[in-house]
Peer 1: 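Below you will find the structure I want to go over with you.
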There are 2 protein chains.
Amino acid sequence: MELTVLDRLLQIGDLFARDMDRAFAGTPLTPARVRLLWVVHHGGPVTQHALADALEVSPRNVTGLVDALEEGGYVERTPHPTDRRATIVRLTETAEAQMAEMQRDHAEITETLLNAVDPHDRAAFARGVDAVALKLEAMVEEASAS
Amino acid sequence: MELTVLDRLLQIGDLFARDMDRAFAGTPLTPARVRLLWVVHHGGPVTQHALADALEVSPRNVTGLVDALEEGGYVERTPHPTDRRATIVRLTETAEAQMAEMQRDHAEITETLLNAVDPHDRAAFARGVDAVALKLEAMVEEASAS
DNA sequence: TATTGTTATACTCTATAACTATA
DNA sequence: TATAGTTATAGAGTATAACAATA
């Protein structure tokens, strides 16, 4: 069975996710937890509520993820300086270093994958990927509006 | 923050998954269950064990998915003609029709997305997607071998 | 002895609803 | 009255291990 372009695109996401999974096997890190760390790494210390919004999950879900990450020594809960209801989540030094390394790996993988594309095709490929992502985004938005 | 090509590719997978989710909201169909139906639709009636291999999940997991799908009227368990240990899973007519429709939608989406790519870029884009998928597949295989 | 599917158990991700402390 | 986070509860996906029936 020949794979369509869409199949290929979905396959890429799957492969990448599975590779990430494998990379964190044996640690308490799971995809959802890594995603939280990734968001805090990029956005800096943040309240759990804002984190729930950023991850598009429920506040309750964030509580569980932060619980596990705190116990594993990846994040710290510190009180909000002015709002005593709120909790600020920040990465520990270990986690910060780990995310920085992950970011380097990410960049390296991006480069390796792009190098796998014929040099003459690269620019068109990048434009195509952009166009498809934007189109799909618009389609999903339109669909969820109706 | 500018998105890299890899980010875009991952975003495409995410968007698509979320759209599928939304499409089956309100039914007992979930991503894992739809995936099982999809595999049976394409491969035909199959034992649960073979299904576990195809889906790359545990046999126990298949039992649960088939339980739910059987209760919902999407699949039927029938005895294997010669091996009395084994169970054959087949789609009901309803599910078969639903999967056929999904396949048509899938093809339509593929076409719409490709049409979003500049005609001059299309061939190069398709070649690039193929190259990236194959490269990533090779990378994952190599990584899991070590 | 090996294989198929199931029961038993457990962990993770996710959600909604009710509650507490604070704003 | 509204908001931040937690407790309570529940469903889904996943895994391993033990087991029964069959090959």
Side-chain angles (χ1 to χ4, degrees), chain A residues 13-14 17-18 20-40 45-72 74-90, chain B residues 14 17-18 20-40 45-72 74-90 144:
Chain A
D14 274 3
R18 204 176 319 164
M20 280 258 296
D21 247 25
R22 209 186 45 74
F24 292 109
T27 76
L29 293 181
T30 59
R33 291 171 191 169
V34 171
R35 188 164 159 247
L36 188 152
L37 294 180
W38 188 251
V39 165
V40 178
V46 63
T47 66
Q48 294 191 187
H49 205 86
L51 213 37
D53 284 346
L55 297 169
E56 295 188 87
V57 300
S58 65
R60 176 61 187 92
N61 194 347
V62 170
T63 298
L65 296 172
V66 172
D67 282 351
L69 288 168
E70 195 176 33
E71 186 172 338
Y74 297 96
V75 303
E76 284 166 1
R77 280 182 167 106
T78 53
H80 190 286
T82 63
D83 187 341
R84 285 198 293 171
R85 294 170 306 181
T87 306
I88 303 283
V89 177
R90 67 180 68 249
Chain B
D14 273 4
R18 203 175 319 163
M20 280 257 296
D21 245 26
R22 209 187 45 76
F24 291 110
T27 77
L29 293 181
T30 60
R33 291 170 190 170
V34 171
R35 188 164 159 247
L36 189 153
L37 295 179
W38 187 251
V39 166
V40 178
V46 65
T47 66
Q48 293 191 187
H49 205 87
L51 213 38
D53 284 347
L55 297 169
E56 295 187 85
V57 299
S58 65
R60 176 60 186 93
N61 194 348
V62 171
T63 298
L65 296 173
V66 172
D67 282 351
L69 288 167
E70 195 176 32
E71 186 173 335
Y74 297 96
V75 303
E76 283 167 2
R77 279 183 166 107
T78 53
H80 189 287
T82 63
D83 186 339
R84 284 199 294 171
R85 293 170 306 179
T87 306
I88 303 283
V89 177
R90 68 179 68 249
S144 61

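Small disclaimer: the values here were computed from a predicted structure and weren't measured. Chain letters run A, B, ... following the sequence lines, proteins first, then strands; residues in each count from 1.
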Peer 1: Are any non-hydrogen side-chain atoms of B/Tyr74 and B/Thr27 less than 4.5 angstrom apart?
Peer 2: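 Sidechains of B/Thr27 and B/Tyr74: in contact.
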Peer 1: Where do B/Asp21 and B/Pro31 come nearest, in terms of heavy atoms and distance?
Peer 2: OD1-CG, 2.9 Å
Peer 1: Under 3.5 Å, side chain of A/Arg33 to main-chain N/O of A/Pro28, donor-acceptor pair present?
Peer 2: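 Yes, the answer is positive, given that a donor and an acceptor are paired below the 3.5 Å cut-off.
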Peer 1: Before giving the answer on side-chain contact (heavy atoms from CB on, under 4.5 Å), spell out for B/Leu29 and B/Leu37 the whole-Å C-alpha distance, their side-chain angles and the decisive distance to 0.1 Å.
Peer 2: CA-CA 10 Å; B/Leu29 293 181; B/Leu37 295 179; 3.8 Å; yes
Peer 1: What are the atom names and distances for every N/O pair under 3.5 Å that joins the protein to nucleotides 17-19 of chain D?
Peer 2:
none

Peer 1: Check the phosphate of D/dA15 against B/Ser58, side-chain N and O only, distance under 4.0 Å to OP1 or OP2. Yes or no?
Peer 2: yes
Peer 1: Tell me the interatomic distance from A/Leu65, atom CG, to C/dC11, atom P, rounded to whole angstroms.
Peer 2: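 Distance check: A/Leu65 CG to C/dC11 P gives 16 Å.
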Peer 1: D/dT3 P sits how many Å from A/His80 NE2, rounded?
Peer 2: 15 Å
Peer 1: In whole angstroms, how far is the P atom of D/dA15 from the CZ atom of A/Arg18?
Peer 2: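 Computing the A/Arg18:CZ to D/dA15:P distance gives 11 Å.
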Peer 1: With sequence neighbours excluded, tell me which residues meet side chain to side chain donor-acceptor pair (under 3.5 Å) with B/Arg35.
Peer 2: none
Peer 1: Using the side chain to side chain donor-acceptor pair (under 3.5 Å) rule, collect all pairs that involve residues 46-61 of chain A, keeping only residues at least two apart or in two chains.
Peer 2: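 For residues 46-61 of chain A: A/Gln48-A/Arg77.
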Peer 1: Can you measure A/Arg77 atom CZ to D/dA4 atom C1' for me and round it to whole angstrom units?
Peer 2: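 About 12 Å, once rounded to whole Å.
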Peer 1: For side-chain contact (heavy atoms from CB on, under 4.5 Å), just list the numbers for B/Val40 and B/Val75, CA-CA rounded to whole Å, side-chain angles, deciding distance to a tenth of an Å, and then say yes or no.
Peer 2: CA-CA 9 Å; B/Val40 178; B/Val75 303; 5.9 Å; no
Peer 1: Taking OP1 and OP2 of D/dG13, is either one under 4.0 Å from a side-chain nitrogen or oxygen of B/Asn61?
Peer 2: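 The answer is no; no side-chain N or O of B/Asn61 sits under 4.0 Å from OP1 or OP2.
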Peer 1: How far apart are the closest heavy atoms of B/Ile88 and B/Pro45, and which atoms are they?
Peer 2: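 Closest heavy-atom pair between B/Ile88 and B/Pro45: CG2-CB, 3.7 Å.
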Peer 1: Expressed as a whole number of angstroms, how long is the span from B/Glu56:CD to D/dA15:P?
Peer 2: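 Spelled out: CD on B/Glu56 to P on D/dA15 is 10 Å.
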Peer 1: Counting primed atoms plus P, OP1 and OP2 as sugar-phosphate and everything else as base, spell out the protein contacts along nucleotides 18-23 of chain C at 4.0 Å heavy-atom distance: B, S or - for each nucleotide, 5' to 3'.
Peer 2: ---BBS
Peer 1: Sequence neighbours left out, what passes side chain to side chain donor-acceptor pair (under 3.5 Å) with B/Asp83? Give chain and number order.
Peer 2: B/Arg85
Peer 1: Between B/His49 (NE2) and D/dT22 (P), how many Å, whole number?
Peer 2: 18 Å
Peer 1: In whole angstroms, how far is the P atom of D/dA12 from the CG atom of B/Leu55?
Peer 2: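 Atom CG in B/Leu55 sits about 18 Å away from atom P in D/dA12.
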Peer 1: Rounded to the nearest angstrom, tell me the gap between atom CG in B/Asp67 and atom P in C/dA8.
Peer 2: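 Result: 13 Å.
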Peer 1: When rounded to the nearest 0.5 angstrom, what distance separates CG in B/Leu36 from CG in B/Leu51?
Peer 2: 4.5 Å
Peer 1: Could you check which residues of residues 23-37 of chain A get a heavy atom under 4.0 Å from DNA chain C? Sort them by number, please.
Peer 2: A/Thr30, A/Ala32, A/Arg33
Peer 1: Base, sugar-phosphate or nothing for A/Thr87? Non-hydrogen atoms, less than 4.0 Å.
Peer 2: sugar-phosphate
